[in-house]
Asker: 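The structure that follows is given in the form of structure tokens.
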Amino acid sequence: MEKYFLTTAIYYINDKPHLGSVSEVIAADVVARYQRKLGKSVLFSTGTDEHSQKVERSALALRQPVEQYTTEAAEAWKHLFDRLAISYSRFVRTTDADHIKVVQDMFQKLYDQGDIYKGSYEGWYCVKDEEFLLESDLVDGKCPHCGLEVQHVSEVNYFFRLSKYQDALLAWYERHPGFVQPSMRYNELVNVIRGGLRDISVSRSTVKWGIPVPFDPEQTVYVWFDALINYATVAGYGSSAFADTWPPDLHLIGKDITRFHGIIWPAMLMGLGLPLPRRIFAHGFWDFEGEKMSKSLGNVVDPSSLIDTLRRLIDIDEPVAVDALRYYLSREGTYGLDVDFSSQRLLLRFNTDLANDLGNLLNRTLNMFGRYRDIIRNSPIIPKPALGALFASMVTDIERDYDGLQFSAGLEKTWTLVNTLNKMIEDDKPWALAASGEADALAAHLGTLLTGLWYIGNLVEPCMPTVSSRLLRAIGRPQVTWDTLVWQGPGQELPEATSTVLFPRIRPEQLDEFLTAQKRQKTAAGPQPQAPPPAPSAEPERLISIDDFLKVHLRVATILEAERVPDTDKLIKLHVRVGTEHRTIVAGIGKHYEPDMLVGKQIVVVANLEPRKLKGIVSQGMLLAASIGDEMALLTPMTELADGADIH
Ligand code: ME8
């Protein structure tokens with residue numbers, strides 16, 4: 001059986017898991033389950049990164065022995081991964097005995113062959129990112145990545161000859177254009193290598209909580225050198241199994257740690273004479289309100305509470321709530337780029353894609369089998385050939401999307417199939433076929449729905465394992481590998497269930513409650529700001545229909561001129577262009593903006609607002625601005641557009 005070996009990054013044990021960190025392991029799980037759907041034998045590893053100064057400090061702060069602290073924290077991570085239906089083959093901990101041995105063996109080998117040597121390090125260190133930094137790397141004296149204070153370090157330690165591998169790395173990148181993906185990350189790394197590589201420090205003399213350097217117990221192995229090796233531990237380095245498993249097919253990591261995986265790790269492997277991983281894919285971040293979700297910013301969404309809230313408010317059971325979250329994370333955004341978390345979008349996806357489109361399709365199909373059972377008793381349940389080609393070609397296209405880790409595109413195509421079947425029900429009008437006694441046509445209609453759902457049930461399995469198995473159970477058809485999906489009917493074996501509600505619809509009042517609960521949770525999770533801005537109104541939002549929203553005509557405008565309205569400090573008169581039209585708008589932004597700053601800027605205006613007079617000037621529209629407390633910001637398109645563009 002063909003093998004597939006994939007890994008996630010291993011998570012710093014002292015961080016509480018958040019939606020961003022678990023999004024990676026969920027994506028990896030989707031890949032693992034997809035590869036199994038292709039019939040491969042999958043080795044899938046994830047785990048925790050447990051050594052380092054910051055872990056030592058966190059344990060100390062809790063007055064716990066560090067071993068106890070890491071064991072309890074690793075259990076919490078593992079428990080959450082189990083809850084999220086992560087089908088890992090190994091949860092590796094860097095404190096595992098086999099890992100410690102592999103790290104020491106590799107360190108020794110590189111030392112023996114002269115790739116590691118003793119030197120002295122003088123410079124900066126970021127404890128949060130566990131990274132050595134040059135003076136020139138710092139931004140305002142702080143870490144360029146996390147913005148936190150850095151530590152000055154002056155110690156004797158061991159260095160890895162990274163510089164020696166510069167040419168070999170460049171040659172490797174040239175020969176393997178798909179080595180690092182997406183291509184923008186590949187280009188970034190090639191530029192870093194071309195810019196020149198320096199040897200790096202790979203041990204610490206002042207950190208006790210680490211793996212001892214085998215030939216110098218005064219030193220511990222640098223946490224990144226230790227952590228990267230986890231991938232080799234999982235593959236059984238030093239055992240006979242290793243040659244069969246190595247190299248990994250995929251390292252799935254975030255865009256913040258590409259240098260470690262795309263430069264240092266391949267150089268270490270070159271030094272060790274081992275094949276390099278086949279592919280490194282660096283995903284983007286899950287943001288919250290435009291900023292990376294991270295513990296230090298205090299803007300994290302807690303996946304456990306999110307699942308609990310979904311369950312409680314929508315009355316779904318745990319595995320369905322988990323699948324809904326997995327679906328949302330896989331379906332939003334383009335994998336590789338940043339995405340902003342929005343509980344509204346999560347619920348919208350739940351109601352439209354899951355409850356309306358897929359859930360309804362299943363339920364309607366089962367209802368019809370119940371209702372028309374007698375009519376089709378003697379007719380063959382065979383799908384209509386016409387749709388077979390569409391389903392077969394979609395499976396091929398979806399495989400291409402999943403191979404490229406483009407989960408959203410793959411799911412979008414799957415939903416094209418869902419909606420093709422929904423539309424077919426409207427077009428075929430099975431109720432009319434039943435009324436006129438057209439048994440064969442009705443049986444072909446139902447056979448198509450059943451076979452289509454069989455495909456769809458299998459196609460959604462990587463992303464929603466529970467939903468997949470419940471759907472397939474309800475229609476009485478098996479879970480199969482994708483290559484064995486065939487466009488043919490089940491014979492006379494009809495589904496026994498006559499109804500299954502996979503996803504109850506969320507009602508507007510539940511939506512309100514959910515959003516308020518999320519808001520409360522976010523406030524509870526946030527750090528303590530010195531002067532908190534006034535909280536947005538705690539009043540539940542009044543919902544409007546899409547039709548109400550569509551009444552407002554929003555357009556992009558360019559500011560051509562701006563001047564203060566005399567005798568007021570608040571009002572600015574703007575002359576704007578909205579496509580071919582010129583308008584005057586009076587806006588209350590004078591305390592926040594100087595007229596000069598505004599000229600040339602693009603803004604968003606409500607184009608169909610009744611004109612009104614302000615200080616004797618007729619204002620023909622309104623511009624959009626966001627404000628909280630004393631702060632205000634004009635809303636503007638992310639990239640420049642032709643003015644007059646409609647906003648939907
Ligand atoms: O870097 N959105 O661990 P880590 C998406 N231990 N992904 C995110 C994210 C967010 N908001 N925040 C974090 C480490 N991640 C090292 C790795 S591997 C040998 C050692 C991702 O816990 C991040 O990009 O800080 C990384 O891939 C993973 O979570 C672990 O991050």
Side-chain angles (χ1 to χ4, degrees), residues 6-28 45-55 58 70 73-74 76-77 80-81 86 92-95 99 102-103 106 126-131 143 145-146 148 180 185 202 210-211 221-235 248 250-266 268-269 277 280-303 329-330 332-341 405 525:
L6 83 153
T7 69
T8 67
I10 50 174
Y11 302 90
Y12 282 131
I13 190 117
N14 59 313
D15 282 344
K16 222 172 139 332
H18 57 72
L19 203 71
S21 40
V22 305
S23 69
E24 178 178 292
V25 79
I26 289 177
S45 75
T46 186
T48 41
D49 192 353
E50 304 194 9
H51 292 119
S52 83
Q53 201 167 342
K54 63 182 176 190
V55 174
S58 302
T70 50
W77 277 90
L80 176 64
F81 288 4
I86 307 302
V92 62
R93 298 178 54 190
T94 52
T95 48
H99 175 70
V102 174
V103 171
M106 287 186 167
C126 170
V127 178
K128 157 117 194 359
D129 291 314
E130 300 290 357
E131 193 172 346
C143 171
H145 312 300
C146 63
L148 297 180
V180 173
R185 304 289 165 224
V202 288
I211 299 177
V221 175
Y222 168 48
V223 61
W224 266 103
F225 190 90
D226 157 0
L228 288 162
I229 290 173
N230 89 84
Y231 307 127
T233 305
V234 168
L250 172 68
H251 284 320
L252 187 61
I253 55 162
K255 65 178 185 180
D256 52 336
I257 54 174
T258 51
R259 290 186 191 200
F260 295 101
H261 285 80
I263 297 178
I264 298 176
W265 178 227
M268 285 165 66
L269 290 169
I280 299 170
F281 189 100
H283 59 76
F285 290 145
W286 274 89
D287 294 344
F288 194 94
E289 291 168 358
E291 271 189 300
K292 180 191 175 194
M293 222 179 262
S294 85
K295 200 183 78 171
S296 44
L297 290 173
N299 63 349
V300 295
V301 174
D302 174 4
L329 291 174
S330 309
E332 290 288 293
T334 300
Y335 202 60
L337 304 180
D338 295 352
V339 198
D340 211 64
F341 174 77
L405 273 64

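All ligand and atom numbering here is 1-based and tracks the order in the structure.
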Asker: Parallel, tilted or perpendicular, judged at 30° and 60°: which one describes the rings of His261 and Tyr231?
Answerer: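 The arrangement is tilted - the two ring planes meet at 30° to 60°.
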
Asker: Roughly how far apart are Ser58 OG and Ile13 CD1, rounded to 0.5 Å?
Answerer: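 Between atom OG of Ser58 and atom CD1 of Ile13 there are 10.5 Å.
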
Asker: Parallel, tilted or perpendicular, judged at 30° and 60°: which one describes the rings of Trp265 and His251?
Answerer: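 Rings of Trp265 and His251: tilted, as their planes differ by 30° to 60°.
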
Asker: Salt bridge check: are Lys292 and Asp338 linked by an N-O gap of less than 4.0 Å?
Answerer: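 So Lys292 does not pair with Asp338 through a salt bridge.
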
Asker: Which pairs count as salt bridge (Lys or Arg N to Asp or Glu O under 4.0 Å) when at least one residue sits in residues 223-233, sequence neighbours excluded?
Answerer: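 Applying salt bridge (Lys or Arg N to Asp or Glu O under 4.0 Å) to every pair that reaches into residues 223-233, excluding sequence neighbours, yields nothing.
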
Asker: Enumerate, one pair per line, all nitrogen or oxygen atoms of ligand 1 lying under 3.5 Å from a protein nitrogen or oxygen, stating the separation to 0.1 Å; write 'none' if no such pair exists.
Answerer:
from: ligand 1; atom 1: 2 (N); to: Trp286; atom 2: N; distance (Å): 2.8
from: ligand 1; atom 1: 6 (N); to: Ile10; atom 2: O; distance (Å): 2.8
from: ligand 1; atom 1: 6 (N); to: Asp49; atom 2: OD2; distance (Å): 2.7
from: ligand 1; atom 1: 7 (N); to: Gly20; atom 2: O; distance (Å): 3.3
from: ligand 1; atom 1: 11 (N); to: Trp286; atom 2: O; distance (Å): 3.0
from: ligand 1; atom 1: 11 (N); to: Met293; atom 2: O; distance (Å): 3.0
from: ligand 1; atom 1: 22 (O); to: Tyr12; atom 2: N; distance (Å): 3.0
from: ligand 1; atom 1: 24 (O); to: Asp256; atom 2: OD1; distance (Å): 2.6
from: ligand 1; atom 1: 27 (O); to: Glu24; atom 2: OE1; distance (Å): 2.5
from: ligand 1; atom 1: 27 (O); to: Gly254; atom 2: N; distance (Å): 2.9

Asker: Whether Arg93 and Asp49 form a salt bridge (side-chain N of Lys/Arg under 4.0 Å from carboxylate O of Asp/Glu) is what I want to check.
Answerer: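 No.
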
